[in-house]
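Computed over heavy atoms, backbone and side chain alike; hydrogens, waters and symmetry mates excluded.
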Amino acid sequence: MKTGLIEIKNENIAQHIYFIRGEKVMLDVDLASLYGVETRVLKQAVRRNNTRFPIDFMFQLSEDEIRFVVSQNVIPSKSYFGGAKPFAFTEQGIAMLSGVLKSKRAIQVNVAIMRTFVQMRKLMLSYKELEDKIEKLEQKYDSNFDVIFKVIKQLIKEKNKPARPVGYKNYDIPDNKTTSK
């Protein structure tokens, strides 16, 4: 059971967002630390309000998913979860937590988390735009780059050939003056 309080900062929140089952999620243990409650208290509140948390808002990790998260060094060890299978909350599930946990800190945390999710979405869109631009450039200039690479390879081959001596050759040129005896 982890009870250390996580400071409410975007970078602290972002490092606790994981990609599981094709969703960006936060785990109950990290949310509890952000909200300043014990994990069991958070889980208890969720169980009491289980109709607010359909499968697309929250799900419990399987043993394989727990092993995967631990093996990727996202979580130091399985004991981090305190012996229980963790809940993973999607963005909508985290928003729903604000109706279950009503402290001032919970409201601040939810606002910060929602802002972090929005920033991550914007960042992902900008990466997608950059990827699209690079792909268009590759399609447009692929044949030109082939020519450039061929020229570079040719220059490299020529550089590896033995070089001709540079400068003047020293020839013994006989003097054309004839001497008479």
Residues Arg105, Tyr35; criterion side chain to side chain contact (heavy atoms under 4.5 Å, CB included); working and verdict: CA-CA 6 Å; Arg105 176 149 177 107; Tyr35 291 126; 5.5 Å; no
Show, in sequence, the C-alpha distance, side-chain angles and deciding distance for Phe89 and Leu42, and conclude whether the side chain to side chain contact (heavy atoms under 4.5 Å, CB included) test is met. CA-CA 12 Å; Phe89 293 85; Leu42 184 133; 3.9 Å; yes
Distance, nearest 0.5 Å, that separates [atom1] of [X] from [atom2] of [Y]:
X      : Y      : atom1 : atom2 : answer
Gln119 : Met114 : CD    : CE    : 13.0 Å
Glu91  : Ile94  : CD    : CD1   : 7.5 Å
Met58  : Met26  : CE    : CE    : 15.5 Å
Gln44  : Glu38  : CD    : CD    : 10.0 Å

Distance under 6.0 Å and angle within 45° of the ring axis: does Lys24 meet both against Phe117? no
For [X] versus [Y], what's the shortest heavy-atom pair and its separation?
X      : Y      : value
Leu34  : Val109 : O-CG2, 3.2 Å
Gln92  : Asp56  : OE1-O, 4.2 Å
Val100 : Ala45  : CG1-CB, 3.3 Å
Ala112 : Ile13  : CB-CD1, 3.5 Å

Taking Asp28 for the side chain and Phe87 for the main chain, is one N or O donor matched with an acceptor at less than 3.5 Å? yes
Treating Thr90 as the side-chain partner and Val25 as the backbone partner, does any N or O pair qualify as donor plus acceptor under 3.5 Å? no
Honestly curious: do Ile66 and Ile55 fall in one hydrophobic cluster under the side-chain, below-4.5 Å linking rule? yes
Sidechain N-carboxylate O distance under 4.0 Å for Glu23, Arg21: no
Any side-chain heavy atom of [X] sitting closer than 4.5 Å to one from [Y]?
X     : Y     : result
Asp30 : Tyr18 : yes
Leu61 : Leu27 : yes
Val46 : Leu97 : yes
Glu63 : Lys85 : yes

Report the C-alpha separation of Leu31 and Val37 in whole Å, then their side-chain angles, then the decisive distance to 0.1 Å, and conclude whether the side chain to side chain contact (heavy atoms under 4.5 Å, CB included) test is met. CA-CA 9 Å; Leu31 287 166; Val37 298; over 6 Å; no
